[in-house]
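Structure record follows, encoded as structure tokens.
Quick caveat, the model's predicted, so the values are computed rather than measured. Note that these values count all heavy atoms, side chains included, but never hydrogens, waters or copies made by symmetry.
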Amino acid sequence: MRLIDLRRVSAAVGIAVFASVTFSISAASADPFRFGVLGGQAVSDDFAAQKCLAQELADGLEMPVQILALPSDSALRQALSVDAVDLAVLSTRAYSALWQSNPRAAQPMLATIGRDGSMGYRAVALSRSDVVIAGIENLKGKNIGFADRRSMPGYFVPFVALERAGLNTERDLNSIQFGGGYHATLTALESGAVDAALTWRSDAGFDSVSGDSPLQRFRVTSHANFIEFWRSPLMPNGPVVLRRALSEETKKLVTDRIATVGATVPHCLAMAFGLPVTGLFPVTHADYEAFIAADQKRISLSVASN
């Protein structure tokens, strides 16, 4: 393991780098494979959380692995855009932002599975059991409860789904209510103030052990019987991305190695990614297209309201 000249790295890529460390193997002289992480804790603890994964990658790839600590999400995305980082773990929204600014920068390969077995979440539409709604395309003339104007699953994801179903939210819906939160929206559905409510659930199901879905929390104080009549595609957890310009052979080697680490020493990934990781599953850009469409709608509506 050796430190490198950070001034040289920063000058070469035009990005502020907090710190860096390289994990080498014996007699390795190849250019290092670069793992981009956010600074702060990673730097203060001397990359203790990332050392396990870095060494696993160095051994598996038979090349040195360099950890680069970047000061912010935007700096990490910029580093991927200018080919200064080969591997990073992004949030779903960060990947959306990267793809919208530079769709050729990175390729999602794997995504994490959380402690409850969830691979992500789905936006869902609910009705009362006495109101039969066959699907989201049948909401014309109905009173709809959205959670919040800033909510991705409670507004933007279903907004795009309504548009794709041929419905204009201003013309075709009888009324729209923003509850200001999921609990308020579900309360409005229970009382009959709205015919349908938009919320979300973990992909592990409403009864996942995490206990963090809005409906699961709502059921603590209510015995309302709701029917799910629509669900969005899976909004996957944030991806492990690789620099798109890497060779296909290198991509496969890295992906297979990380998948192996995830299966054999998942705590290594949990430390390196700073997430409760219990496994990994393969993803492609197509898996994030529904989220990106909703994110683009969020941006366009925000610009239109200013």
Side-chain angles (χ1 to χ4, degrees), residues 1-24 30-58 60-61 63-112 236-248 250-251 253-255 257-258 269 271-275 277 283-285 288 291-292 295 299:
M1 183 177 72
R2 61 184 177 85
L3 295 174
I4 65 167
D5 185 346
L6 299 183
R7 292 172 298 180
R8 178 170 55 82
V9 173
S10 298
V13 301
I15 300 170
V17 180
F18 274 171
S20 173
V21 64
T22 299
F23 292 78
S24 300
D31 291 335
F33 182 83
R34 300 157 301 176
F35 178 14
V37 302
L38 294 179
Q41 185 65 34
V43 176
S44 64
D45 69 4
D46 192 28
F47 299 101
Q50 288 80 28
K51 286 179 179 177
C52 173
L53 179 58
Q55 195 60 63
E56 288 281 350
L57 288 172
L61 300 176
M63 67 172 63
V65 172
Q66 179 186 98
I67 306 175
L68 293 173
L70 285 302
S72 65
D73 276 326
S74 60
L76 183 55
R77 295 197 304 270
Q78 183 186 358
L80 285 163
S81 290
V82 298
D83 293 342
V85 163
D86 299 307
L87 165 71
V89 183
L90 302 178
S91 68
T92 307
R93 183 163 286 183
Y95 175 67
S96 174
L98 175 63
W99 187 87
Q100 291 180 68
S101 64
N102 186 351
R104 304 263 338 142
Q107 180 175 348
M109 305 298 291
L110 298 164
T112 59
N237 295 330
V240 178
V241 300
L242 293 176
R243 184 166 60 89
R244 190 175 291 274
L246 291 170
S247 70
E248 293 304 314
T250 299
K251 290 176 187 175
L253 284 171
V254 174
T255 301
R257 188 65 177 182
I258 294 177
L269 292 187
M271 290 189 299
F273 296 169
L275 298 167
V277 179
V283 291
T284 67
H285 172 74
Y288 294 90
F291 182 93
I292 291 172
D295 199 28
I299 294 168

Handout entry: From Glu56 atom CD to Leu61 atom CG, the distance as rounded to the nearest 0.5 Å
Key = 10.5 Å
Practice task
Mark yes or no for whether Arg34, through its side chain, and Asp83, through its backbone, hold a donor-acceptor pair below 3.5 Å.
Solution key: yes
Handout entry: Side chains of Val254 and Met109 in contact at under 4.5 Å (non-hydrogen atoms)
Key = no
Practice task
To the nearest 0.5 Å, tell me how far Leu275 CG sits from Leu269 CG.
Solution key: 10.0 Å
Completion exercise
Between Val37 and the options Ile67, Leu70, Leu87, the side chain to side chain contact (heavy atoms under 4.5 Å, CB included) test singles out Ile67
Problem - Nearest atoms (heavy-atom pairs only) where Val283 meets Ala111 - result: CG1-CB, 3.8 Å
Fill in the blank from the handout: When rounded to the nearest 0.5 Å, the distance separating CG of Asp295 from OH of Tyr95 is 12.5 Å
Exercise for the section: Could you pull out all residues at least two apart from Arg244 that satisfy side chain to side chain contact (heavy atoms under 4.5 Å, CB included)? Expected result: Arg104, Gln107, Lys251
Practice task
For the residue pair Phe35 and Phe273, categorise the inter-ring angle as parallel (less than 30°), tilted (30 to 60°) or perpendicular (more than 60°).
Solution key: perpendicular
Problem - Any residue meeting side chain to side chain contact (heavy atoms under 4.5 Å, CB included) with Ala105, in chain and number order, not counting sequence neighbours - result: Ser81, Leu98, Asn102
Problem - Euclidean distance, Leu76 CG relative to Leu38 CG, rounded to 0.5 Å - result: 5.5 Å
Exercise for the section: Sequence neighbours left out, what passes side chain to side chain contact (heavy atoms under 4.5 Å, CB included) with Ser91? Give chain and number order. Expected result: Arg93, Ala94
Handout entry: Test item: Asn237 side-chain N/O and Thr112 main-chain N/O as donor-acceptor pair under 3.5 Å
Key = yes
Practice task
Could you pull out the closest heavy-atom pair between Ala49 and Met271, with the gap in Å?
Solution key: CB-O, 3.3 Å
Handout entry: Under 3.5 Å donor-acceptor, Thr92 side chain and Tyr288 backbone
Key = no
Practice task
Establish, from distance only, whether the side-chain atoms of Gln78 and Ser74 form a donor-acceptor pair under 3.5 Å.
Solution key: no
Practice task
Provide the closest heavy-atom pair for Arg77 versus Ala97 in the form atom of the first, atom of the second, distance.
Solution key: NE-CB, 3.8 Å
Completion exercise
CG of Leu57 to CG of Asp86, rounded to nearest 0.5 Å, is 11.0 Å
Problem - Non-hydrogen atoms of Leu80 and Val85 that approach each other most closely - result: CD2-O, 3.7 Å
